[in-house]
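Working notes, structure below.
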Amino acid sequence: MPELPEVEIRRQYLETASLYQTISHIEVEDRKLLTTDYNTLVTALVGRQFTGTRRVGKNLFVLTDLPSVIVHMHFGMTGDLDYYHASLERPRFARIVFEFTNGFNLGFLCPRKFERIGLLDDIDAFLKRKKIGPDGLSISLPELTERVRRKKALIKPVLLDQRIVAGLGNWIVDEVLFQAYVNPEQRADTLTDNQMSKLHAAIQLVLETAVRYEATYRDFPKSFLIHVREWDDSPYDDLEAHKYCPRCKSRIERSTVGGRTTFFCPTEQVILQ
DNA sequence: CAGCATGTTTGAAG
DNA sequence: GCTTCAAACATGCT
């Protein structure tokens, strides 16, 4: 589920569990998960300690006691972390394992192998090379407006584009557009000042809410659209209730926009132009 | 079993 | 250069 909030939770988890412990070894089950040659990775990291973290969008950077040695983690669609004692059995899908001299391991869980780990020596250079835009939690309204309005594509794919604003994924974009009363198929360059303002507020609201509830969807406010998604083991009794707009009770529509499954309220999310 | 999936990259085509 | 669309990646879940 790694969109920005989930990555932020993983960042906090790593920071709590794994700093200032010396790395003794790294197990890698499948080297395709590495963006850096295995031997280079091991040589650079064995003997090092993690000393801090930084997150930009869905990217997690782990700093070490050597400033030029930085670990980059991307959690793909299903990546996770698990810190466990080495005497325990390796967690399922822990295909990359950092072993520390204190007898604990940090497992990088990759059920679908879409996840990646690699080395960097300069975060800003990496962000520039990948053209990663400003983080969703810190982008200003004028900056968002400028970046969104210069695109002619549909607003949903624009918000999914990590070069415009970093950290929003499929469900968050649906939620943001719902909270901002914007139709996912409206052209990005036609958004009014009022819409941009609502969009910016919605991004902050959704991201902050998701981080606050540690990305546990079922705990989100009832006013959120996310509850229509099937993978929400809802807190509500009536499963049918999920299919309706929490505000106006219209039936929520499911379509495909920019190649991605999209949920929206056809009554409240209308195209303005 | 078939279909779908929270992400990213790449390539083809207009 | 821009946009759209599809495929690919590899696997798990329903």
Side-chain angles (χ1 to χ4, degrees), chain A residues 1-11 28-35 55-60 72-82 91-96 107-118 126-127 129-133 135-136 147-178 184-190 203 206-207 209-211 213-220 224-234 239 242 254-264:
Chain A
M1 302 132 210
E3 300 187 33
L4 184 153
E6 291 94 339
V7 177
E8 174 61 18
I9 298 303
R10 285 154 178 68
R11 185 192 71 75
V28 177
E29 176 191 297
D30 184 341
R31 294 185 183 191
K32 284 184 192 153
L33 299 171
L34 301 177
T35 54
R55 182 194 56 71
V56 177
K58 304 172 190 173
N59 299 280
L60 176 59
H72 171 237
M73 297 184 177
H74 194 287
F75 295 94
M77 291 209 286
T78 49
D80 206 350
L81 295 174
D82 190 6
R92 196 179 179 204
F93 308 129
R95 305 187 202 275
I96 297 177
F108 183 72
L109 280 45
C110 342
R112 291 181 206 175
K113 297 191 179 180
F114 277 13
E115 304 74 10
R116 292 294 181 269
I117 280 183
F126 172 84
L127 294 173
R129 179 162 54 82
K130 298 293 236 175
K131 301 186 172 134
I132 306 289
D135 189 78
R147 300 175 78 87
V148 164
R149 286 237 185 94
R150 70 185 179 205
K151 306 297 285 187
K152 294 174 188 145
L154 306 180
I155 185 63
K156 171 155 182 175
V158 166
L159 292 178
L160 283 172
D161 188 340
Q162 303 299 298
R163 297 171 300 183
I164 307 296
V165 50
L168 313 194
N170 200 34
W171 82 255
I172 289 184
V173 167
D174 279 2
E175 190 67 58
V176 163
L177 292 172
F178 175 73
E185 299 197 79
Q186 183 167 343
R187 297 274 160 187
D189 60 353
T190 68
I203 289 173
V206 174
L207 293 180
T209 300
V211 171
Y213 291 105
E214 300 190 334
T216 304
Y217 311 122
R218 63 178 178 281
D219 296 339
F220 290 5
F224 272 46
L225 181 69
I226 189 163
H227 301 296
V228 306
R229 290 194 176 250
E230 293 157 9
W231 34 267
D232 174 22
D233 293 338
S234 98
L239 289 176
H242 290 199
R254 178 187 170 133
S255 64
T256 300
V257 179
R260 309 297 300 276
T261 296
T262 300
F263 293 94
F264 69 101

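In what follows, chains are A, B, ... by sequence order, proteins preceding strands, each numbered from 1.
- In this structure, the CD atom of A:Glu115 is 9 Å from the C1' atom of B:dG7, given to the nearest Å.
- A close approach under 4.0 Å does not occur between any side-chain nitrogen or oxygen of A:Lys32 and OP1 or OP2 of C:dC9.
- Residue A:Phe93 is in sugar-phosphate contact alone, with no base atom involved, counting any heavy-atom pair closer than 4.0 Å across all strands shown.
- Residues A:Asp30 and A:Lys113 approach most closely at OD2-NZ, 2.9 Å, considering heavy atoms.
- DNA chain C is contacted by no residue of residues 158-167 of chain A, taking any non-hydrogen atom closer than 4.0 Å.
- Look at A:Thr261 and you'll find a side-chain N or O under 4.0 angstrom from OP1 or OP2 of B:dA5.
- Distance, A:Lys113 NZ to C:dC9 P: 13 Å, rounded to whole Å.
- Summarising the geometry, the separation between NZ on A:Lys156 and C1' on B:dG7 is reported as 13 Å, rounded to the nearest angstrom.
- One interatomic measurement links the two molecules: CZ of A:Phe75 to C1' of B:dG7, which rounds to 13 Å at whole-angstrom precision.
- Taking atom C1' in both C:dC9 and B:dC1, one finds a spacing of 22 Å when rounded to whole Å.
- Pairing each heavy atom of A:Asp82 with each of A:Pro91, the nearest pair is OD2-CG, 3.3 Å.
- Going from atom CD1 of A:Ile155 over to atom CG of A:Leu177 covers 6.5 Å, rounded to the nearest 0.5 Å.
- In this model, the phosphate group of C:dT3 is not approached by any side-chain N or O of A:Lys152 to a distance below 4.0 Å at OP1 or OP2.
- Side chain of A:Asp174 to main chain of A:Phe263: a donor-acceptor pair is present (N/O by atom type, distance under 3.5 Å, no hydrogens or angles).
- Of all heavy-atom pairs spanning A:Thr262 and A:Pro184, the tightest one is CG2-CG, 3.8 Å.
- A:Glu185 places its CD atom 11 Å from the P atom of C:dT4, with the value rounded to the nearest Å.
- Remark on DNA chain B: of its neighbouring residues A:Lys130 and A:Arg112, the 5'-side contact belongs to A:Arg112, judged by nearest-heavy-atom nucleotide.
- Counting heavy atoms from C-beta outward, A:Phe75 and A:Leu81 have side chains that approach closer than 4.5 Å.
- At a threshold of 4.0 angstrom between heavy atoms, the contacts of A:Gly259 with the nucleic acid are absent.
- The side chain of A:Arg187 has C:dT4 as its nearest neighbour among C:dT4, B:dG7, C:dA10.
- Atoms CD (A:Glu29) and C1' (C:dT11) sit 12 Å apart, rounded to a whole Å.
- Remark: C:dA10 base-pairs with no nucleotide in the shown strands. Criterion, Watson-Crick or G-U wobble with two distances under 3.5 Å.
- In this structure, A:Arg95 atom CZ and C:dC9 atom C1' are separated by 13 Å, rounded to whole Å.
- Taking 4.0 Å as the cut-off between side-chain N and carboxylate O, A:Asp135 and A:Arg55 count as a salt-bridged pair.
- With rounding to whole Å, A:Asp189 atom CG is found 14 Å from C:dC2 atom P.
- With respect to A:Arg163 and A:Asp161, a salt bridge is recorded, a charged nitrogen being found less than 4.0 Å from a carboxylate O.
- With B:dG7, C:dT11, C:dC13 as the candidates, the nucleotide lying closest to the side chain of A:Arg260 is B:dG7.
- Proximity note for A:His74 (side chain, C-beta onward) versus B:dT8, C:dT3, C:dA10: the nearest is B:dT8.
- For A:Lys151, a side-chain nitrogen or oxygen approaches OP1 or OP2 of C:dT3 to under 4.0 Å.
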